[in-house]
Amino acid sequence: MSGRSDKAAPLAVKIVISGGLGVGKTTFIGAVSEIEPLDTEAAITQVSVGVDSLVGVENKTTTTVALDFGRITLDPSIVLYLFGTPGQDRFSFLWDDLVEGALGSIVLVDTRRIEDSFPALDYFEERGTPFVLAVNRFDGAQLFALDEVREALGIGPEVPVLTCDARDRSSVRDVLAALMDRVVHQHVTGGPAKAGAAAR
């Protein structure tokens with residue numbers, strides 16, 4: 001006997017969690033990660049006044065300045081490594097490194113600040129990166145039909161749009177499963193994600 005296990009090592013898959021400031025990326029990763037999540041949260045200070053808009057998220061006191069990181073084993077054959085991007089435009093120079101090698105992305109949306117979703121949508125559409133849109137539910141926020149959100153963001157029918165609660169593990173897993181379905185479908189059909197940017 002060689003003493004080696006015949007069990008194959010799980011496939012490591014990189015997934016990016018993106019969206020605007022305060023949309024719930026850090027919470028999303030923390031809700032599902034099986035390891036202690038790495039985050040680069042820093043206090044929001046006077047330096048950001050006039051630079052980062054906090055309209056709609058006035059109670060936010062910290063923000064991601066580099067990345068969030070977590071890991072989840074979907075099944076014995078697949079391990080997802082989750083990378084969260086910073087939400088502010090002034091940290092967009094970090095995105096290329098964070099997204100390199102990613103299989104797909106989840107764009108989180110806060111309907112109170114829906115316009116903050118456009119930079120992430122444009123970024124992934126331009127690169128043909130498969131993504132799903134997840135509308136994060138916030139207490140007290142007005143609820144909109146998913147078709148209304150799709151229309152407001154100019155998202156084509158090929159992109160899954162679903163609601164989620166970034167605090168809830170099962171809800172986050174559902175979003176990750178939807179992304180994996182999208183990635184598999186795009187791989188099988190061989191076509192890039194269709195750009196909806198022209199509608200904006």
Side-chain angles (χ1 to χ4, degrees), residues 4-43 60-88 91-110 116-117 119-121 123-125 127-138 159-188 193:
R4 292 182 301 174
S5 172
D6 292 332
K7 183 184 292 185
L11 175 67
V13 175
K14 182 178 183 180
I15 300 297
V16 173
I17 316 301
S18 191
L21 174 67
V23 78
K25 300 180 292 294
T26 303
T27 302
F28 184 99
I29 291 173
V32 78
S33 180
E34 62 198 18
I35 62 172
E36 184 67 27
L38 166 69
D39 65 58
T40 56
E41 291 281 291
K60 187 171 176 60
T61 59
T62 62
T63 186
T64 298
V65 295
L67 62 89
D68 296 312
F69 174 77
R71 184 189 73 200
I72 177 174
T73 302
L74 281 190
D75 63 46
S77 65
I78 300 178
V79 175
L80 301 185
Y81 290 93
L82 310 176
F83 289 79
T85 65
Q88 304 96 313
F91 294 126
S92 61
F93 64 92
L94 297 169
W95 281 39
D96 288 344
D97 288 337
L98 289 175
V99 173
E100 184 177 0
L103 196 64
S105 175
I106 293 162
V107 178
L108 286 176
V109 175
D110 178 353
D116 288 357
S117 307
L121 295 175
Y123 185 92
F124 295 115
E125 286 176 342
R127 285 157 181 76
T129 304
F131 67 90
V132 299
L133 199 72
V135 180
N136 195 9
R137 295 192 293 263
F138 287 91
V159 177
V161 179
L162 56 162
T163 59
C164 78
D165 183 339
R167 302 165 296 186
D168 182 75
R169 180 179 177 85
S170 63
S171 182
V172 170
R173 285 183 66 98
D174 288 345
V175 175
L176 291 169
L179 175 62
M180 296 307 293
D181 287 345
R182 172 95 201 276
V183 168
V184 170
H185 176 75
Q186 184 166 318
H187 179 73
V188 170

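Side-chain atoms are counted along with the backbone in the values below, which use heavy atoms only and exclude waters and symmetry mates. Residue numbers start at 1 and run along the sequence shown.
- For D174, the side-chain hydrogen bond (donor to acceptor under 3.5 Å, both in side chains) test picks out no residue, with sequence neighbours left out.
- Heavy-atom minimum distance, L98 versus V16: O-CG2, 3.8 Å.
- Note: T163 OG1 to R137 CZ = 4.5 Å, rounded to the nearest 0.5 Å.
- Residue M180 holds its CE atom at 4.5 Å from CD1 of I78, rounded to the nearest 0.5 Å.
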Problem - Residue pair D68, F28: steps toward the side chain to side chain contact (heavy atoms under 4.5 Å, CB included) verdict - result: CA-CA 10 Å; D68 296 312; F28 184 99; over 6 Å; no

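- Evaluation of the side-chain hydrogen bond (donor to acceptor under 3.5 Å, both in side chains) test over residues 70-79, restricted to residues two or more places apart or in two chains, returns E34-R71, E34-T73, D75-S77.
- Atom CG of L162 and atom OG of S171 lie 7.5 Å apart (nearest 0.5 Å).
- Aromatic ring pairs are classed by plane angle as parallel below 30°, tilted from 30° to 60° and perpendicular above 60°; the pair F69 and Y81 is parallel.
- Note that CG of L121 and CG of D116 are 11.0 Å apart. Values are rounded to the nearest 0.5 Å.
- Atom CD1 of I15 is separated from atom CD1 of I29 by 11.0 Å, given to the nearest 0.5 angstrom.
- For R167, the salt bridge (charged side-chain N to carboxylate O under 4.0 Å, His left out) test picks out D139, D165, with sequence neighbours left out.
- Residues P37 and T26 are not in side-chain contact: their nearest non-hydrogen atoms beyond the backbone lie 4.5 Å or more apart.
- Here the CG atom belonging to L82 is positioned 9.0 Å from the CD1 atom belonging to I35, to the nearest 0.5 angstrom.
- The shortest heavy-atom contact between S105 and L179 is O-CD1, 3.4 Å.
- Between A120 and G19, the shortest heavy-atom contact is CB-N, 4.2 Å.
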